[in-house]
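Below you'll find the structure, written out as structure tokens, and then a few comments.
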Amino acid sequence: MRLPLPTPLVAVEAAETVRRGVGAVVLATPGEPVVLGPGGADVEVTSEVTGKAGSTAKLSGRWVLGVGSGTPADWRTAGAGLVRALNSDVEAGGATTFDVLLTPDADVRSLVLGLVLGGYRFKVTGQDAPKRVKSLRLVGADADEVRVAADLAAATALTRDLANAPSNVKDPAWLAATAARLAGAVPGLGVRVRDEKWLANNGFGGVLAVGAGSSRPPRMVHLTWEGATTGPHLALVGKGITFDTGGISVKPAEGMHLMRTDMAGGAAVIAAMIAIARRSLPVRVTGLVPCAENHVSGDSYRPGDVVRHFGGLTTEVSNTDAEGRMVMADALAYAVDELGADVLVDVATLTGAMKVSLGVRTGGLFASDDAVAAAIADAGARVGEAWWRMPLLEDHAEDVKSDIADLRQCPPGPGGITAALFLREFTGGLPWAHLDIAGPARSDKNYDEVVAGATGFAARTLVEFAEHHGR
């Protein structure tokens with residue numbers, strides 16, 4: 001089956017002047033008159049033109065877009081509201097190219113994120129795609145700022161694409177091959193795909209255990225960007241579970257179809273690495289995505305098994321549905337022992353506990369290093385992704401220990417915290433952050449620049465963090 005990947009996105013560029021004969025968009029804020037510009041009289045705020053973020057109206061041949069009070073979220077909402085309204089108008093026979101007349105205080109980055117991502121659409125169909133807006137020019141915007149924002153938006157969109165792909169197509173081999181194809185098209189971005197034989201020969205016991213129950217064997221994607229010869233070597237590790245039944249500890253049927261997005265963390269790492277390389281950032285970054293399908297068969301790993309990870313640590317399995325930490329442990333240990341990483345960041349849809357704790361719009365941030373934690377939170381704030389730092393409670397550190405192995409996979413206590421403490425055992429004492437995106441990786445409705453389905457959460461944060469950390 002052929003999938004629409006990468007999904008086509010609206011082109012956004014900077015411009016200095018307004019074109020003749022092209023649709024125009026002007027901005028409105030609550031309580032202020034709307035200046036329609038040449039050929040159109042100014043319009044007072046009305047029930048139709050409120051200035052509320054994301055509101056749109058068509059007056060005197062021009063579109064009026066509300067930008068609210070001007071917060072970054074308002075600008076993202078405005079961009080998303082505009083592109084959705086324009087797409088509906090295009091389907092009715094309207095124009096497909098527009099000039100947006102910016103005000104001096106416009107938040108260009110946030111607006112571009114909304115414009116590009118608000119109109120995102122992923123659908124597997126044999127029908128022709130509906131007509132969409134083709135291009136938007138931001139009159140008065142800085143071209144470099146627009147390009148940076150468009151790159152971040154493309155990383156988010158690619159993460160959505162990979163996570164939305166159905167799992168009858170998206171097995172570990174497909175995900176790895178797709179990552180290799182996309183990365184191979186970016187100059188300077190190295191990519192290697194490790195198969196099940198390599199994983200067995202090199203002791204990746206966690207990945208092999210999780211993948212054993214499936215007829216579709218595991219893989220690991222290894223991406224390398226050498227944009228600098230000095231500075232810290234950052235390793236990004238993303239969970240790549242292409243479908244999660246829960247294994248023998250099988251999940252309830254309700255909601256299991258959403259487990260096609262259980263590799264959203266791995267997708268974020270793949271997309272972030274591609275964006276880092278496309279922008280030629282002067283940093284050294286490695287991306288690792290252990291890929292496996294957690295299925296049920298006579299070969300599935302079992303509660304009570306003891307698994308030996310890369311590097312030698314052993315884990316007593318207590319719940320086969322806690323598979324993410326098993327594959328992540330191997331990759332983290334590999335980054336420490338073999339790749340010489342200086343800083344580690346892992347990202348995963350890891351625990352339902354974090355969804356309960358923080359809801360579906362905020363990611364959980366655990367870190368062994370205050371500077372790394374602050375840098376990730378700041379990076380997220382700049383690109384419109386919210387993180388909340390969670391504690392690594394030492395009172396529960398001993399709970400991770402096992403009587404019959406080195407570690408216990410699912411100790412009692414607060415699930416998100418104990419999962420992070422388990423992963424910490426594989427970080428070699430390096431500065432490390434664990435990003436649990438079980439809540440914000442998926443959405444059941446549109447909001448701001450997010451659309452229903454996979455959200456692409458974390459990809460922008462990873463790019464922004466990589467660009468600024470260690471300078």
Side-chain angles (χ1 to χ4, degrees), residues 172 175-176 194 199 202-211 218-223 234-242 244 247 259 261-270 272-273 286-294 301 307-315 317-339 341 343-354 363-368 390 392 400 406-411 415-428 430 432-438 441 458 462:
L175 181 57
R194 305 301 195 180
L199 292 168
N202 287 273
F204 281 68
V207 180
L208 293 167
V210 172
R219 297 285 187 272
M220 188 173 74
V221 180
H222 183 168
L223 300 161
L234 171 63
L236 306 177
V237 177
K239 174 184 170 183
I241 300 299
T242 57
D244 182 19
M259 290 301 100
T261 67
D262 207 24
M263 37 59 67
V269 168
I270 292 166
M273 291 296 298
T286 295
L288 298 175
V289 182
C291 308
E293 185 175 67
N294 190 23
Y301 79 131
V307 172
R308 185 178 300 276
H309 295 279
F310 180 89
L313 282 177
T314 57
T315 292
V317 177
S318 49
N319 185 336
T320 63
D321 193 24
E323 82 298 329
R325 67 197 72 182
M326 299 294 290
V327 303
M328 301 280 280
D330 282 350
L332 285 168
Y334 184 69
V336 173
D337 295 345
E338 292 294 319
L339 303 184
V343 181
L344 303 169
V345 178
D346 74 71
V347 55
T349 51
L350 204 65
T351 67
M354 290 310 303
L365 164 59
F366 298 84
S368 63
M390 300 292 291
L392 286 167
V400 179
D406 295 312
L407 303 171
R408 182 163 46 163
Q409 179 203 31
C410 289
I417 293 172
T418 55
L421 289 168
F422 174 86
L423 290 176
R424 188 178 66 174
E425 296 293 321
F426 298 88
T427 62
L430 294 177
W432 157 76
H434 162 56
L435 309 181
D436 193 331
I437 60 171
L462 295 179

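L423 has its side chain out of reach of L421: every pair of non-hydrogen atoms, C-beta onward, lies at least 4.5 Å apart. Residues V347 and V269 form a side-chain contact, since some pair of their non-hydrogen atoms from C-beta on lies under 4.5 Å apart. In this structure, the side chains of Y301 and V317 come closer than 4.5 Å at one or more pairs of heavy atoms. By the 4.5 Å heavy-atom criterion applied to side chains, V289 and M220 are not counted as neighbours. Contact of the L199 side chain with the P218 side chain is registered, since non-hydrogen atoms from C-beta on lie closer than 4.5 Å. Side-chain contact between F366 and L435 is absent, with no heavy atoms from C-beta onward closer than 4.5 Å. Here the side chains of V210 and I241 are in contact, with some heavy-atom distance below 4.5 Å. A heavy-atom distance below 4.5 Å is not found between the side chains of L344 and L234.
Between the side chains of T315 and H309, at least one donor-acceptor pair of N or O atoms lies under 3.5 Å.
Residues A272 and L462 share a closest heavy-atom pair of CB-CB, 3.8 Å. Shown here for A329 and F422, the closest heavy-atom pair between the two residues is CB-CE2, 4.2 Å. When every heavy atom of A209 is checked against every heavy atom of V307, the shortest pair comes out as CB-CG2, 3.9 Å. For C291 against V207, the heavy-atom pair with the smallest separation is O-CG1, 4.2 Å. Of all heavy-atom pairs between A433 and L365, the closest is CB-CD1, 4.2 Å. Nearest approach of T351 to A438, heavy atoms of both residues: O-CB, 3.2 Å.
Here L208 contributes atom CG and R308 contributes atom CZ; the two are 13.5 Å apart, rounded to the nearest 0.5 Å. Considering CG of L430 and CG of L332, their distance stands at 10.0 Å, rounded to 0.5 Å. The line from CG of D436 to CD1 of I417 is 11.0 Å long, rounded to the nearest 0.5 Å.
Side-chain atoms of Q409 come within 3.5 Å of backbone N or O of A322 as a donor-acceptor pair. Looking only at distances, no side-chain donor or acceptor of Y334 sits under 3.5 Å from a matching main-chain atom of L339. Side chain of D262 to backbone of A264: no donor-acceptor contact under 3.5 angstrom is found. In this structure a side-chain-to-backbone donor-acceptor pair under 3.5 Å is present from D330 to G206. Proximity of a side-chain donor or acceptor of T286 to a complementary backbone N or O of A235 within less than 3.5 Å is not detected.
For F426 and F310, the distance between ring centers is not under 6.0 angstrom.
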Would you please test M328 and V237 for side-chain contact (heavy atoms from CB on, under 4.5 Å) and show each step? CA-CA 7 Å; M328 301 280 280; V237 177; 3.9 Å; yes

Determine, step by step, whether T427 and H434 satisfy the side-chain contact (heavy atoms from CB on, under 4.5 Å) criterion, reporting the C-alpha distance in whole Å, the side-chain angles of both residues, the deciding distance to 0.1 Å, and the verdict. CA-CA 11 Å; T427 62; H434 162 56; over 6 Å; no

T349 vs K239, test: side-chain contact (heavy atoms from CB on, under 4.5 Å). Steps then yes/no. CA-CA 7 Å; T349 51; K239 174 184 170 183; 3.7 Å; yes

Determine, step by step, whether C410 and T418 satisfy the side-chain contact (heavy atoms from CB on, under 4.5 Å) criterion, reporting the C-alpha distance in whole Å, the side-chain angles of both residues, the deciding distance to 0.1 Å, and the verdict. CA-CA 7 Å; C410 289; T418 55; over 6 Å; no

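Remark: R424 engages E394 in a side-chain hydrogen bond (donor to acceptor under 3.5 Å, both in side chains) (not counting sequence neighbours). In this structure, R325 has no side-chain hydrogen bond (donor to acceptor under 3.5 Å, both in side chains) partners at least two apart in sequence or on a different chain. Legend: residues meeting side-chain hydrogen bond (donor to acceptor under 3.5 Å, both in side chains) with N294, ordered by chain and number and at least two apart, are D244.
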